[in-house]
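Order of the sequence lines fixes the chain letters, A, B, ..., with proteins taken first and strands second; residue numbering starts at 1 for each chain. Just so we're clear, the structure is a prediction, and the values are computed from it rather than from any experiment.
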Protein chains: 2
Amino acid sequence: MGTKSTVTIRDVAADVGVSRQTVSRVLNKGPNVKPAVRAKVEASIERLGYVPNISARRMRGSRSYLILAINDRQRTYDNWRAGRGNDWVDQMLFGGMTECEKHGYHMVFELIDTEPAKAHAQLSKVISELRPDGVILTPPHSENGDLADLLKGQGIACARVGRREGHGFVDVCMDERAAGEQATRHLADLGHQRIAYLAGSSEYGNSLMRLDGYRAILENRGLEQREEWVGEGAFSFDTASKVALQWLKSKDRPTAIIADNDQMAFAVLHTVERVGFRIPDDLALVSFEDTPGVRLSVPPMTAIRQPTAAMIAQACEGLITESSGIDASGCYEMPFEFIERDSTARFSQD
Amino acid sequence: MGTKSTVTIRDVAADVGVSRQTVSRVLNKGPNVKPAVRAKVEASIERLGYVPNISARRMRGSRSYLILAINDRQRTYDNWRAGRGNDWVDQMLFGGMTECEKHGYHMVFELIDTEPAKAHAQLSKVISELRPDGVILTPPHSENGDLADLLKGQGIACARVGRREGHGFVDVCMDERAAGEQATRHLADLGHQRIAYLAGSSEYGNSLMRLDGYRAILENRGLEQREEWVGEGAFSFDTASKVALQWLKSKDRPTAIIADNDQMAFAVLHTVERVGFRIPDDLALVSFEDTPGVRLSVPPMTAIRQPTAAMIAQACEGLITESSGIDASGCYEMPFEFIERDSTARFSQD
DNA sequence: TCGCGTTTTGTGACCGGTCACAAGAAAAAA
DNA sequence: TTTTTTCTTGTGACCGGTCACAAAACGCGA
């Protein structure tokens, strides 16, 4: 069907014998069009292979059919250089595109700097250039209030991943506390009595919520809580390795460890190997995130799986709804998955 | 600097006391503008915080400042669902955006179906909507000649990742044969005499080139070549596991294995564990790709690292060059890296 | 039948840039 | 000095849609 050149709305209008505006109304599912006319227009669109030009639509019109996905440059760089085993962008692409396609939207990925002043300037520039209907801010930018305000000031809908206020924004998150509980409960159910928690950072809200969940279960089951069994691993391999080594060498060592992210879980894995222990026999291990490497590790790890794709899909849906004039702000809590693999087993006394 | 509303080219023109067209010429670095005028316009742009509206530019103008990155839906889905440990998109984002930013371009990621007819229709639709300056086709779509022709027919520049013809297209690839040689040479240098090659698929050109490299080195070093030491793993975990198991149980078993992708390398890793051998003592292992999981495996794997980010950056550069009217077609071969980690060691006779 | 409200359709202007072409200014040639 | 050429600048139309508003067609009660 080699469409000769570009088919425009005027071609369709001429073909059917109606005005441009009528065709436009059909395209936008406007209300006041006779069913018979609508059908004829739709048939013509189909036959001529007409596709609306997104740029033209945005010129006079208000919608741009574009959603901006903002990623952190540093994190992307790190993933690129050091190979953190993060599949965040993959997840975004899958979750976001699937949703966007349904509504005729497209996703533009942008990288902006972590440093707040730079981030502000870069975001400001890109929204002027592209004028998207909505912007998704991912961590750490979702924590940056200035960026959200900038968008709000420009009348651009904004979704934040990993936040939970939801006042005027589309916030998507998961129930971190429940995830902390789930991981701990799983280990308690397996008979573990000495469960350690390798936290990320005490400045990171989500980290604290998980820790709350962990403590709640210990409390609830009457398990021993020791100050030194909550370590801070700074989300880093090296720091986590040190903490893990200390635990493993102590007498009365923990028989299970929950790691706040995969990076630290791998640190534990390597430390265990170094000390000559085996997982899950000598130590049970649960990780958060469930990025790809986790499933291929030896042994594959039991993990909380963050619903990244679902969160982004939800963010897109919210933004698209907002851009059609309906308020969709609020906090959307997406369900996580708990995936039991081979790094956890029933605790045996021997 | 709360820019009140939208600053347009007319505002700048009025501010400087010059016509729109002159401002436009400055923006596009057109030739015939007096230096003094140019400086004044540039100062005004800076002061007013003017940013050109990409959509408006594309309406009458010819350039869109948009590059489309086409990804395979199935592969993205698989990565999402099964967690293949692929960081392809991450790499694309990093490599592509870095290059695009330099030239004021943006990247739009799209997912299209693997099935050729669907892929054609979907690509056709998206280029009509977005009218990008260039499109990057990634595997498997880079192998689909119809898609490239469709783009060519519409006058849209096209870059293909993993192809090497370069006739009218910007093809980017790496030297697969040299990579195959490198991996094999490394093992030979370590004293291995029985080196097996776990190939992906004999229908995949790049796979064959690596295999050529492997054979060339064996030949060159006078090492034994056995038919059964070249296995076909279909790029899949399960198939590769079977092949690996057979090799490991055979007497005169290979002492080193080269796996055509990470997925299969992991299969070998798991099989070795199952059989009770150890890497690298009982078997040396080299993988291609070097996706993130590989660096965190126990032990971390020696691998050929595909220059994904560099290839995408090169693709972007080529497309942007083309869109400014200069022919940039041809085949660009990007250098790969060889990263020695702990899965390979000197062969010991005992 | 007429009048009035509602639904359906059409018209011209417009969004913010760039293109084609024309006109004015400056430099080179006669 | 005049003419020709080249450089610089400006003007109106235009890209392909949508908005605001006007006009026409329809429905229905009086």
Side-chain angles (χ1 to χ4, degrees), chain A residues 3 5-41 44-45 48-66 104 127-131 133 155 323-325, chain B residues 3 5-41 44-45 48-66 104 127-131 133 155 323-325:
Chain A
T3 33
S5 184
T6 313
V7 182
T8 76
I9 202 169
R10 282 157 227 260
D11 297 325
V12 176
D15 181 53
V16 184
V18 305
S19 72
R20 317 182 301 274
Q21 187 58 30
T22 298
V23 178
S24 174
R25 274 191 268 263
V26 171
L27 282 176
N28 295 288
K29 313 208 188 303
N32 300 323
V33 183
K34 262 196 189 151
V37 176
R38 168 159 299 170
K40 277 207 291 185
V41 171
S44 176
I45 287 174
L48 299 180
Y50 166 71
V51 177
N53 178 326
I54 280 200
S55 301
R57 287 185 112 164
R58 167 171 42 202
M59 286 297 297
R60 184 70 156 93
S62 43
R63 298 179 73 163
S64 70
Y65 298 89
L66 239 45
I127 59 177
S128 294
E129 281 182 342
L130 254 23
R131 323 249 161 176
D133 284 342
S323 84
S324 58
Chain B
T3 31
S5 184
T6 314
V7 182
T8 76
I9 202 169
R10 282 157 227 257
D11 296 324
V12 176
D15 180 56
V16 184
V18 73
S19 74
R20 315 181 305 271
Q21 185 59 30
T22 300
V23 178
S24 174
R25 275 190 268 262
V26 172
L27 282 176
N28 295 290
K29 314 205 187 307
N32 300 323
V33 183
K34 262 195 187 152
V37 176
R38 168 161 304 185
K40 278 207 289 184
V41 171
S44 176
I45 287 174
L48 299 181
Y50 166 73
V51 177
N53 178 326
I54 281 198
S55 302
R57 284 187 117 162
R58 166 172 41 200
M59 285 297 298
R60 185 68 155 93
S62 43
R63 296 179 75 163
S64 71
Y65 297 91
L66 240 43
I127 59 176
S128 294
E129 281 182 341
L130 256 22
R131 324 248 162 177
D133 284 344
S323 85
S324 58

For [X] and [N], give me the distance from atom [atom1] to atom [atom2], rounded to whole Å.
| X | N | atom1 | atom2 | result |
| --- | --- | --- | --- | --- |
| B/Arg60 | D/dA13 | CZ | P | 12 Å |
| A/Ile45 | D/dG16 | CD1 | C1' | 14 Å |
| B/Arg38 | D/dT9 | CZ | C1' | 13 Å |
| A/Lys34 | C/dT9 | NZ | C1' | 9 Å |
| A/Arg20 | C/dT9 | CZ | C1' | 12 Å |
| A/Ile9 | C/dT9 | CD1 | C1' | 14 Å |
| B/Met59 | D/dG17 | CE | P | 8 Å |
| A/Asn32 | D/dA22 | CG | P | 17 Å |

[X], nearest nucleotide to its side chain (from [options]):
| X | options | value |
| --- | --- | --- |
| A/Arg10 | D/dT9, D/dG16, C/dG17 | D/dG16 |
| B/Gln21 | D/dG16, D/dT18, C/dA20 | C/dA20 |
| A/Tyr50 | D/dG17, C/dG17, C/dT11 | D/dG17 |
| B/Thr22 | D/dT9, D/dT18, C/dT9 | D/dT9 |

Scan [X] against the nucleic acid and name what it touches under 4.0 Å (heavy atoms): base, sugar-phosphate only, or nothing.
| X | result |
| --- | --- |
| A/Tyr65 | nothing |
| B/Asn53 | sugar-phosphate |
| A/Arg58 | nothing |

When A/Val12, A/Val16, A/Val33 are each screened for side-chain contact (heavy atoms from CB on, under 4.5 Å) with A/Val26, the one that passes is A/Val33
Using the side-chain contact (heavy atoms from CB on, under 4.5 Å) definition, which of the options B/Leu27, B/Ile45, B/Thr22 pairs with B/Ile9? B/Leu27
Any side-chain N or O of [X] less than 4.0 Å from the OP1 or OP2 oxygen of [N]?
| X | N | result |
| --- | --- | --- |
| A/Thr8 | D/dG16 | no |
| A/Ser19 | C/dT9 | no |
| A/Ser24 | D/dT18 | yes |

Would you tell me whether A/Arg57 and A/Asn28 have side-chain atoms, one donor and one acceptor, within less than 3.5 Å of each other? yes
Taking A/Ser64 for its side chain and A/Asp133 for its backbone only, find out whether a donor-acceptor pair lies under 3.5 Å. yes
Would you confirm whether A/Arg58, through its side chain, and A/Ser55, through its main-chain N or O, come within 3.5 Å as a donor-acceptor pair? no
Can you say whether a donor on the side chain of A/Arg25 sits under 3.5 Å from an acceptor on the base of C/dG10, or the other way round? yes
